[in-house]
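One structure is given here, and the rest of the page talks about it.
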Amino acid sequence: MTDIIELLPDHVANQIAAGEVVQRPASVVKELLENAIDAGADAITLVIKDAGKTLVQVIDNGKGMTVTDARLCFERHATSKIKSADDLFNLHTKGFRGEALASIAAIAHVELKTRTEAAEVGTAITIEGSEVVSQEVVVTPKGTTISVKNLFYNIPARRNFLKSNTVETRHIIDEFHRVALAHPQVAFIMLNNGADVFNLAASNLRQRIVNIFGTKTNEKLVPVEEETEILKVSGFVLKPEFAKKSRGEQFFFVNHRFIKSSYLHHAVKSAFEGLLKEGTNPGYFLLLEVDTHSIDINIHPTKTEIKFDDEHAIYAMLRATVKHSLGQFSIAPVLDFNKDTGFDTPYEYSKKSAVAPTIEVDREFNPFKTESKQSNISFPFKREKQPAWESLYVGLKSENFEDTIANVEMESELATGSLFEQEEAEVGQVTFQLQNKYIICPIKSGMMVIHQHRAHERVLYEELLKNITMQEAVSQQLLFPLQLQFSKPEIEILLKIEEQLTQTGFVFSEIKEDSMEINGIPVSVLESQIERILQQLITDIRDEVPEAGFSQNDLLAKSMAKSMAVKTGTALDSEAREHLVNQLFACKEPSISPANRAIIMTLGATDFDKKFN
Ligand code: ADP
Ligand code: MG
């Protein structure tokens, strides 16, 4: 048999290696930004076109490269950062594998321009699919500019695998955030399709966080600071009440490198024990500094995971440190009696969540009064259409109503569509509330139990959806325009749905980069709810898989209905209860909440008979 093993040509080996390092345009962004940091730059510009698919360019003012280095940097395993394996455990640079540029050059058109301080002229090199196409002497400022064009031009399968521009841009912004947060002392600019997305001056960490995530982040930050022999921790956690359902503002940096670690996340989360609502995750920006000898970074191609020698000790220390910081902070809201408890409730203990203390309940609340500003509960229904409780029964014999009622999900086998057949108004207008959660209505054949939050959600959802699609909404003018702060990415999301929001009754008088001014809101909403509603909306849209094809209108209506609906734990007086029940049965689908959960359950008299047997 003849020999069959051959050495792969370099460009093929490089393409294979590229698969590990470069998954998407954001990977290129990460590698180039890190190289710029390693080169000692203090001002870095990132330019993106077409979500990085057409262009990723990084311009730095770092130390630059000599002619020979400019040529060598595209070779595989060419690095200036380590000389021996021992150096792997004494790393002070982001890079060390010497494969990023080789990988990138194998799968894109790359242009490099670079000049060192000492040299009078610089070098320009063009390289395509690992082949050097040209090399010239150029006049260029000190530092390096690398342009990566047409990523994956020679691997169509990978190119087709890329997600929509929105998704790829989001990945790029994530990488940009990580590097920018790890190096607040470096100035960063990011341009996307020619527009200025970020312009971050050199600053400290707090300032950097605020510049990226918006001014209102400032008051959410709780400083964390601790130094022991094996670990130095600094940075911030977000106050517990700003914890979010989605994973988002969670950043660990170990020796100024962003890393992912569910183990350390767990440490922080457990420090928040008892302070978080169920299912939410705390936000944090934590810088950990450890001895370079005590970690191994070389366990993952993209260097986002590391191994600590003494993981358990780090866990314990991190947890204790965060707990301590939170402890100091927790004194504040207790003493601060003047604070508006409306939606800045400090935090709730998870066990007590059934009481849901975040809602101000106005027991005087009367939904039939058009103005009821004191309450956080509002029913956006017009008075003239207000059917009496009897209408539930009066309409029973009409076909229409039977159709509707046939859709009601009956949990009891015995309670069928015939439930209301012989109902008459004499049953009375009695409703009860159980545990501030369910509305109980006696009906002739037994009892109906309605989930109050879901019922209201359904009512609001249908109303909102109608408003958005039919443009019927009425707006209430605010006496004083409402100023709200958002981060730039949040504003971008809101801009995308501006039109639909306007159709629900919002009037935006001004939208800036990181704030907006609102001078009209939907009639059914209280001013104090606006920020929470918009925040929820942003989270929902961000978490939505963009390709899933859900209509934006539907998502918007669902999200707003969820935020606006009366919460479990809210006491409703009899009028409010009746009104809600009437509105529910005026809905197209009274039995299922917008999130597909049951709203109504019925128990027939025979069910009771069985129990009393
Ligand atoms: P690594 O960063 O792991 O060393 P890279 O392939 O990313 O590998 O880069 C190879 C080498 O090219 C680096 O070690 C560095 O010497 C040089 N280099 C890359 N980017 C820059 C830059 N922006 N400025 C100066 N030198 C650079
Ligand atoms: Mg590198």
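Every number for a ligand or one of its atoms is a count from 1 in the order of the listing. FYI, side chains are in, hydrogens and waters are out, and symmetry mates aren't considered; it's all heavy atoms of this structure.
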- Note on the structure: If you scan protein heavy atoms around atom 27 (C) of ligand 1, the nearest is M65 CE, 3.4 Å
- Query: Does the separation of the ring centres of F213 and F486 fall below 6.0 angstrom?
  - Reply: no
- Message: Under a 4.0 Å threshold between the charged nitrogen and the carboxylate oxygen, would E168 count as salt-bridged to R24?
- Response: yes
- Query: Once the angle between the rings of F176 and F198 is folded into 0 to 90°, is it parallel (under 30°), tilted (30 to 60°) or perpendicular (over 60°)?
  - Reply: parallel
- Under 3.5 Å, N or O to N or O, is D38 touching ligand 1 that way? no
- Any N or O on A39 sitting closer than 3.5 Å to an N or O of ligand 1? no
- Take E241 and K239 through the test salt bridge (charged side-chain N to carboxylate O under 4.0 Å, His left out) and record every step on the way to the result. CA-CA 6 Å; E241 66 263 37; K239 292 179 187 171; 5.4 Å; no
- Item | N/O donor-acceptor pair under 3.5 Å between K488 side chain and V197 backbone | yes
- For atom 7 (O) of ligand 1, what's the nearest protein heavy atom and its distance? N35 ND2, 2.8 Å
- With a cut-off of 4.0 Å, which atoms of ligand 1 are near a heavy atom of G95? 2 (O), 3 (O)
- Chi angles and distances behind the salt bridge (charged side-chain N to carboxylate O under 4.0 Å, His left out) call for E273, R319: CA-CA 10 Å; E273 212 184 321; R319 181 170 187 264; 3.4 Å; yes
- Task: Just need the protein heavy atom nearest to atom 23 (N) of ligand 1, so name the residue and atom and give the distance.
- Result: D60 OD2, 2.8 Å
- Task: Could you find the nearest protein heavy atom to atom 8 (O) of ligand 1 and give me its residue, atom name and distance?
- Result: G98 CA, 3.2 Å
- Item | Polar contact flag for K63 and ligand 1 (N/O pairs, less than 3.5 Å) | no
- atom 12 (O) of ligand 1 [closest protein heavy-atom partner, distance rounded to 0.1 Å]: C73 CB, 3.2 Å
- Task: Apply salt bridge (charged side-chain N to carboxylate O under 4.0 Å, His left out) to the pair K260 and E305, showing each step before the final yes or no.
- Result: CA-CA 6 Å; K260 294 177 185 160; E305 282 165 38; over 6 Å; no
- Counting from 1, what ligand 1 atoms have a heavy atom of R97 closer than 4.0 Å? 3 (O)
- Query: Just heavy atoms, cut-off under 4.0 Å: does A41 contact ligand 1 by side chain, backbone, both, or neither?
  - Reply: neither
- Contact atoms of ligand 1, heavy-atom distance to A100 under 4.0 Å: 6 (O), 7 (O)
- For ligand 1, which atoms have a heavy atom of A78 less than 4.0 angstrom away? 10 (C), 11 (C)
- Message: List ligand 1 atoms under 4.0 Å from F96, heavy atoms only on the residue side.
- Response: 1 (P), 3 (O)
- Tell me which part of T114 gets within contact of ligand 1: side chain, backbone, both or neither, using heavy atoms under 4.0 Å. neither
- What atoms in ligand 1 come closer than 4.0 Å to a heavy atom of T144? 22 (C), 23 (N), 24 (N), 25 (C)
- Item | Protein residue, atom and distance nearest to atom 4 (O) of ligand 1, heavy-atom basis | T79 OG1, 2.6 Å
- Query: At a 4.0 Å cut-off, with the gap strictly under it, does some heavy atom of K81 reach an atom of ligand 1?
  - Reply: yes
- What's the shortest distance from atom 6 (O) of ligand 1 to any protein heavy atom, and which residue and atom give it? L101 N, 2.9 Å
- Please report which non-hydrogen protein atom sits nearest to atom 14 (O) of ligand 1, along with the residue it belongs to and the distance in Å to one decimal place. S80 N, 2.9 Å
- Message: Does the structure place the NZ or CZ of K81 under 6.0 Å from the centre of the six-membered ring of F96, at an angle of no more than 45° from the ring's axis?
- Response: no
